[in-house]
S.K.: 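Next up is a structure, given as structure tokens.
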Amino acid sequence: MKEWWLHVGLLCVPLIAVYLHIPPPHLSPALNTWRASGTFFSHKGHNVFYRDSAGAVGSTDVIILLHGFPTSSYDWYKIWEPLNQRFNRVIALDFLGFGFSDKPRPHRYSIFEQACIVEALVSHLGLGHHRVNLLSHDYGDTVALELLYRRDHNRTGHLTINSLCLSNGGIFPETSYPRFLQKLLKDSGFLSPVLTRLVNFMLFSRGIGDVFGPYTQPTEAELWDMWTGIRFKRWKLGHGQYINQRQKHRERWVGALTSTFIPLHMIYGPLDPVNPHPQFISLYQNLVKRSTVSVLDEHISHYPQLEDPTGFLNAYLNFINSF
């Protein structure tokens with residue numbers, strides 16, 4: 001019996017080795033266009049992808065979009081052009097380790113580092129003294145809260161926030177229910193890079209489909225675009241530790257949210273299994289008294305900007321035009 005298992009193990013080793021070296025899928029025309037319309041800047045030796053497009057003439061308003069886990073700035077493509085019609089500049093980046101940005105390994109990814117990258121991008125673009133509006137989702141919500149903390153505590157000083165709109169981020173550990181892949185990255189230690197490299201398109205599609213509503217599922221092409229962005233430059237998901245960071249630094253980040261005086265808004269897809277209704281939104285409204293809230297249609301889940309771009313955009317523009 002021991003010899004049988006030994007033979008199986010020896011056979012699996014080369015198969016796994018071959019799988020780990022399967023090249024990433026080719027970029028679709030849509031992703032190629034997205035990449036071609038952006039550029040890179042260097043942060044501590046790493047190339048970070050971003051898009052910066054000029055929009056509304058006569059407006060001086062700037063918006064910066066912060067994407068979620070495990071995807072990229074392409075999450076905003078459905079509302080990019082409408083935002084261009086409202087803002088003078090629309091800016092989005094791929095966080096380090098995501099999308100078209102470098103994915104260094106080994107590397108200790110952290111929310112603090114991603115916040116520094118956003119500040120560095122703002123400085124690179126000459127917007128250090130410009131009031132910017134932040135629109136974030138999921139992982140990006142926590143990066144935004146670190147930036148908010150620094151803003152309100154006079155730390156670093158590279159970002160002046162005019163307003164903040166969050167969406168479906170697990171900012172409260174007590175009401176957040178991570179999915180299997182997130183738990184794997186959080187709890188598997190040194191094994192997580194290997195285990196996540198074994199995730200294929202089929203497993204990814206099933207996992208990501210679980211956080212979309214039943215009537216708002218991504219198309220096959222959209223799933224491939226997400227997967228391609230993840231696999232670009234070889235996937236490295238050490239940044240799954242952000243869940244532990246949320247728990248460790250809850251007081252810092254939730255405290256920043258509850259004490260700030262800048263205009264706040266939350267856009268929420270209530271079918272979200274990661275941040276379920278009504279626990280999440282009830283806690284948010286109880287703790288964040290100064291914030292307004294938009295709860296979208298009951299069938300909208302964790303990716304509201306992709307599932308209901310019109311409803312998401314209307315909610316955001318109503319907020320941004322209210323002050």
Side-chain angles (χ1 to χ4, degrees), residues 19-40 49-51 53 65-85 90-95 97-103 135-140 167-168 179-182 196-237 239 267 269 271-274 296-297 299-314 316:
Y19 175 76
L20 292 177
H21 288 85
I22 293 175
H26 294 294
L27 300 183
S28 69
L31 277 183
N32 259 320
T33 300
W34 187 265
R35 187 186 183 208
S37 64
T39 188
F40 294 84
F49 174 82
Y50 71 94
R51 285 191 68 183
S53 61
L65 311 176
L66 307 177
H67 69 81
F69 174 93
T71 42
S72 70
S73 60
Y74 193 63
D75 287 352
W76 304 106
Y77 83 97
K78 288 187 177 181
I79 63 171
W80 189 270
E81 289 307 321
L83 288 175
N84 257 334
Q85 296 173 21
V90 181
I91 300 163
L93 75 157
D94 289 348
F95 291 124
F98 295 79
F100 297 131
S101 292
D102 283 353
K103 297 172 181 175
L135 173 57
S136 60
H137 171 245
D138 184 61
Y139 180 94
S167 58
N168 286 80
R179 311 306 290 169
F180 172 74
L181 179 59
Q182 294 171 307
T196 54
R197 287 292 300 278
L198 294 175
V199 175
N200 58 23
F201 174 72
M202 182 182 69
L203 292 174
F204 167 76
S205 299
R206 290 184 61 181
I208 203 74
D210 287 344
V211 298
F212 279 72
Y215 308 113
T216 56
Q217 287 288 302
T219 65
E220 185 83 357
E222 288 172 333
L223 287 169
W224 271 110
D225 282 341
M226 291 180 190
W227 178 242
T228 302
I230 290 169
R231 290 280 287 127
F232 191 83
K233 292 186 179 179
R234 302 289 184 180
W235 200 14
K236 170 66 174 77
L237 283 179
H239 35 59
I267 302 176
L271 202 59
D272 186 358
V274 183
L296 302 181
D297 182 88
H299 300 300
I300 305 304
S301 187
H302 185 68
Y303 276 86
Q305 76 276 38
L306 291 173
E307 299 177 64
D308 183 13
T310 300
F312 186 96
L313 185 68
N314 287 340
Y316 182 68

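Quick note: residue numbers are just sequence positions, from 1. Being a predicted model, the structure only gives us computed values, none of them experimental.
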S.K.: Taking only residues two or more places apart in sequence or in another chain, which ones pass salt bridge (Lys or Arg N to Asp or Glu O under 4.0 Å) with D308?
M.R.: none
S.K.: Sub-3.5 Å donor-acceptor pair from the side chain of N200 to the main-chain atoms of M202, do we have one?
M.R.: yes
S.K.: Any donor and acceptor pair, going by atom type alone, linking the side chain of E307 with main-chain N or O of Q217 inside 3.5 Å?
M.R.: no
S.K.: Is there a side-chain contact between F98 and Y139 (heavy atoms, below 4.5 Å)?
M.R.: yes
S.K.: Hey, could you give me the OG1/CD1 distance between T310 and I79, rounded to the nearest 0.5 Å?
M.R.: 10.5 Å
S.K.: With no hydrogens and no angle check, is any side-chain donor or acceptor of Q305 less than 3.5 Å from a backbone partner on F312?
M.R.: no
S.K.: Is the distance between the ring centroids of Y303 and H137 under 6.0 Å?
M.R.: yes
S.K.: Mind telling me whether F232 and F100 have parallel, tilted or perpendicular rings, with 30° and 60° as the class edges?
M.R.: perpendicular
S.K.: For a quick test of reading the model, state the closest non-hydrogen atom pair linking G213 to L271 and the distance between them.
M.R.: CA-CD2, 4.1 Å
S.K.: If the condition is side chain to side chain contact (heavy atoms under 4.5 Å, CB included), which residues does S73 pass it with, not counting sequence neighbours?
M.R.: W34, F49, A92, D94
S.K.: Taking the ring of H302 and the ring of F212, is the distance between their centroids below 6.0 Å?
M.R.: no
S.K.: What pair of heavy atoms forms the shortest contact from P82 to L313, and how long is it?
M.R.: CB-CD2, 3.1 Å
S.K.: Going from OH on Y77 to OG1 on T33, what distance comes out if it is rounded to the nearest 0.5 angstrom?
M.R.: 12.5 Å
S.K.: P25: what forms a side chain to side chain contact (heavy atoms under 4.5 Å, CB included) with it, not counting sequence neighbours?
M.R.: W224, W227, T228, R231
S.K.: Which heavy-atom pair separates P70 from I230 by the least distance, and what is that distance?
M.R.: O-CG1, 3.2 Å
S.K.: Any pair with a residue in residues 66-78 that passes salt bridge (Lys or Arg N to Asp or Glu O under 4.0 Å), sequence neighbours left out, goes on the list, sorted by first then second residue, please.
M.R.: K78-E222
S.K.: Is there a donor-acceptor pair under 3.5 Å between the side chain of K103 and the backbone N or O of G99?
M.R.: yes
S.K.: Looking at residues at least two apart in the chain, or sitting in another chain, which of them share a side chain to side chain contact (heavy atoms under 4.5 Å, CB included) with S53?
M.R.: W80, N84, V90
S.K.: Do L66 and L93 make a side-chain contact, defined as non-hydrogen atoms from C-beta onward lying under 4.5 Å apart?
M.R.: yes
S.K.: Return the set of residues passing side chain to side chain contact (heavy atoms under 4.5 Å, CB included) with D297 (not counting sequence neighbours), or none when no residue passes.
M.R.: H299, I300
S.K.: With no hydrogens and no angle check, is any side-chain donor or acceptor of S101 less than 3.5 Å from a backbone partner on G97?
M.R.: no
S.K.: Between CG of L65 and CG of L135, what distance do you get to the nearest 0.5 Å?
M.R.: 5.5 Å
S.K.: Yes or no on side-chain hydrogen bond (donor to acceptor under 3.5 Å, both in side chains) for D272 and N168, after CA distance, side-chain angles and deciding distance?
M.R.: CA-CA 8 Å; D272 186 358; N168 286 80; 3.0 Å; yes
S.K.: Please name the pair of heavy atoms, one in P218 and one in M226, separated by the smallest distance, quoted to 0.1 Å.
M.R.: CB-CE, 4.4 Å
S.K.: Is it true that F40 and Y50 have ring centroids separated by less than 6.0 Å?
M.R.: no
S.K.: Which heavy-atom pair separates G38 from R51 by the least distance, and what is that distance?
M.R.: CA-CG, 3.9 Å
S.K.: Sub-3.5 Å donor-acceptor pair from the side chain of S167 to the main-chain atoms of S136, do we have one?
M.R.: yes
